[in-house]
Amino acid sequence: MPKIAIIQSQVGVPDSVPSQSARPDAYGADVGAAQANLGAAVAKVSTDVANAQYEHESVIAVSDTRARMAVKRALWTAQLQERADAAIPGDRSFAMKFADDLGKDLTDLGSNITNNQARRVFKDMSAQLTSDLYEHSAILQSKLAGAKATQDVAVALDATRNTLLDNPSGFDRAVNDAMLMIRSNPNIPVSMRPQMEANANKALALSAMQGVIRLDGATGKSMLAKGWGDKYLDADAKAHLYILAEEKIRSERIAEEHARAEQARILKSEQDQLMKGYFEKLTQHKLTVTEIAADQKISFPEQVSLYNLVETQAH
């Protein structure tokens with residue numbers, strides 16, 4: 001029986017031939033990666049859109065906040081001046097009350113701002129507004145205190161001037177008291193004191209000299225001519241006082257003339273009444289030479305006339 005030769009294959013797998021084992025992308029893994037990349041891209045786009053939307057809203061919110069704060073500044077600046085105009089001089093609660101009201105209004109405005117960027121802008125602007133207006137309100141309160149002090153000085157000076165009109169001899173002490181009152185008041189600004197002192201000295205000097213003139217015009221005119229009050233009074237003030245002195249002198253002269261005329265009238269009336277009585281006695285033969293000689297109210301010529309009449313009647 002013939003033998004069949006067995007032929008063995010000499011074909012082997014070369015080392016360089018890649019393995020035919022299946023890879024993940026062979027089953028669609030690349031599709032999953034693509035989807036993941038797409039999702040990330042979509043998420044990024046969504047985030048970018050959200051961020052852009054937020055930035056847009058922030059721009060609007062910030063712009064709105066700035067506009068609102070500009071309005072608040074204008075309103076409260078005007079309100080501050082109005083309050084100062086209506087305030088009572090010396091009101092020590094003025095600045096604090098204003099700060100409280102401003103703070104409440106800004107707090108109400110800030111509570112309605114929800115955007116973070118807008119809130120930061122509001123915080124900065126409200127702090128600046130509060131600082132500016134509070135500083136201004138403090139200045140105005142200081143002015144109110146100064147106004148009160150000035151008012152007090154004016155009231156005191158007015159009372160002193162009225163006293164000097166009746167008693168001008170108190171002039172020197174009045175000046176010293178006025179200077180002390182002005183210089184010792186901390187609410188009167190140092191820059192205002194020189195002018196206030198000059199005004200006070202002038203006012204007191206005017207009143208004192210008017211008081212002198214009221215007592216005696218000639219004395220007042222003489223004092224002015226000798227330089228009284230030159231360091232307090234300007235030329236116009238002294239000219240005014242000279243006019244007052246001249247008017248007083250004229251009025252005194254007229255008053256003296258009227259007084260003399262009135263005195264003469266009264267004396268004549270008394271003499272007329274006396275002579276009438278003598279003539280009545282003469283007609284009744286009751287008038288005597290002794291009575292005529294003893295009467296000091298009638299003149300010597302009148303005595304002589306009556307004596308002659310009595311002598312004539314006796315003969």
Side-chain angles (χ1 to χ4, degrees), residues 69-70 72-106 124-211 227-241:
M69 288 302 298
K72 289 296 182 184
R73 177 176 285 275
L75 289 176
W76 279 103
T77 299
Q79 177 68 208
L80 177 57
Q81 190 58 54
E82 290 175 5
R83 292 190 181 198
D85 293 340
I88 299 174
D91 185 357
R92 297 182 178 181
S93 64
F94 174 81
M96 187 59 67
K97 180 65 167 59
F98 177 81
D100 288 343
D101 292 344
L102 173 61
K104 291 176 182 177
D105 187 44
L106 292 178
D124 292 342
M125 294 188 71
S126 63
Q128 187 62 53
L129 176 60
T130 300
S131 175
D132 292 346
L133 292 188
Y134 186 75
E135 180 181 357
H136 192 194
S137 68
I139 293 174
L140 291 175
Q141 180 169 310
S142 177
K143 289 183 178 180
L144 289 174
K148 178 63 166 59
T150 302
Q151 187 180 76
D152 291 342
V153 170
V155 170
L157 282 177
D158 188 61
T160 303
R161 292 183 67 188
N162 287 331
T163 300
L164 290 175
L165 288 173
D166 296 326
N167 181 22
S169 63
F171 171 69
D172 289 337
R173 180 171 182 176
V175 169
N176 291 335
D177 290 345
M179 296 306 98
L180 178 62
M181 178 172 53
I182 293 171
R183 294 169 185 173
S184 63
N185 195 319
N187 291 322
I188 298 178
V190 175
S191 60
M192 292 178 57
R193 292 179 185 178
Q195 187 60 52
M196 288 186 68
E197 291 174 8
N199 292 341
N201 286 330
K202 179 179 179 179
L204 294 173
L206 280 170
S207 295
M209 180 49 65
Q210 287 171 351
W228 185 93
D230 283 353
K231 66 178 180 178
Y232 302 131
L233 303 172
D234 56 27
D236 290 338
K238 291 201 68 172
H240 173 69
L241 290 172

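All heavy atoms count here, side chains included; hydrogens, waters and symmetry mates do not.
Looking at D101 and R83, their side chains come closer than 4.5 Å, going by heavy atoms from C-beta outward. Annotation: side chain of M69 is in contact with side chain of L106 (closest heavy-atom distance under 4.5 Å). For the pair K148/N187, no side-chain contact is recorded, criterion being any heavy-atom separation below 4.5 Å from C-beta on. Side-chain contact between H240 and M209: absent, with no pair of heavy atoms (C-beta onward) separated by less than 4.5 Å. Proximity of K238 to D230: side-chain heavy atoms (C-beta onward) are separated by under 4.5 Å at one or more points. With contacts defined as side-chain heavy-atom distances shorter than 4.5 Å, the pair D91/Q141 does not qualify. Residues D234 and K202 meet the side-chain proximity criterion, which asks for heavy atoms closer than 4.5 Å. Taking 4.5 Å as the limit, some side-chain heavy atom of R183 sits within range of a side-chain heavy atom of E197.
The CD atom of E135 lies 11.0 Å from the CG atom of L140; values are rounded to the nearest 0.5 Å. Atom CG of D158 and atom OG1 of T163 lie 9.5 Å apart (nearest 0.5 Å). The CG atom of L75 lies 11.0 Å from the CG atom of L102; values are rounded to the nearest 0.5 Å. Distance CG/L157 to CG/N162: 11.0 Å, rounded to 0.5 Å. Distance check, rounded to the nearest 0.5 Å: CZ of R193 to CD1 of I182 gives 9.5 Å. Distance check: E82 CD to D85 CG gives 8.0 Å after rounding to the nearest 0.5 Å.
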Applying side chain to side chain contact (heavy atoms under 4.5 Å, CB included) to D132 and H136, what does each step give before you reach the verdict? CA-CA 6 Å; D132 292 346; H136 192 194; over 6 Å; no
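Between the S131 side chain and the A127 main chain, no donor and acceptor come within less than 3.5 Å of each other. Remark: the backbone N or O of A138 is not paired with any side-chain donor or acceptor of S142 at under 3.5 angstrom. Here the side chain of N199 pairs a donor or acceptor atom with the backbone of Q195 at under 3.5 angstrom.
Taking both residues in full, the closest heavy atoms of S207 and R161 are given as OG-NE, 2.6 Å, listed atom of the first, atom of the second, then distance. Here the closest heavy-atom approach between residue L129 and residue R73 is recorded as CA-NH2, 3.5 Å. Annotation for F171 and A208: closest pair CD1-CB, 3.6 Å, computed over non-hydrogen atoms. Looking at every heavy atom in both residues, L164 comes nearest to L204 through CD1-O, 3.6 Å. Considering all non-hydrogen atoms of both residues, A87 and L144 come closest at CB-CD1, 3.6 Å. The two residues A95 and Y134 make their nearest non-hydrogen contact at O-CE1, 3.9 Å.
Screening residues 174-193 for ring pair (Phe, Tyr, Trp, His ring centres under 6.0 Å) gives no qualifying pairs among residues at least two apart or on separate chains.
Qualifying ring pair (Phe, Tyr, Trp, His ring centres under 6.0 Å) partners for F94, counting only residues two or more places apart in sequence or in other chains: none.
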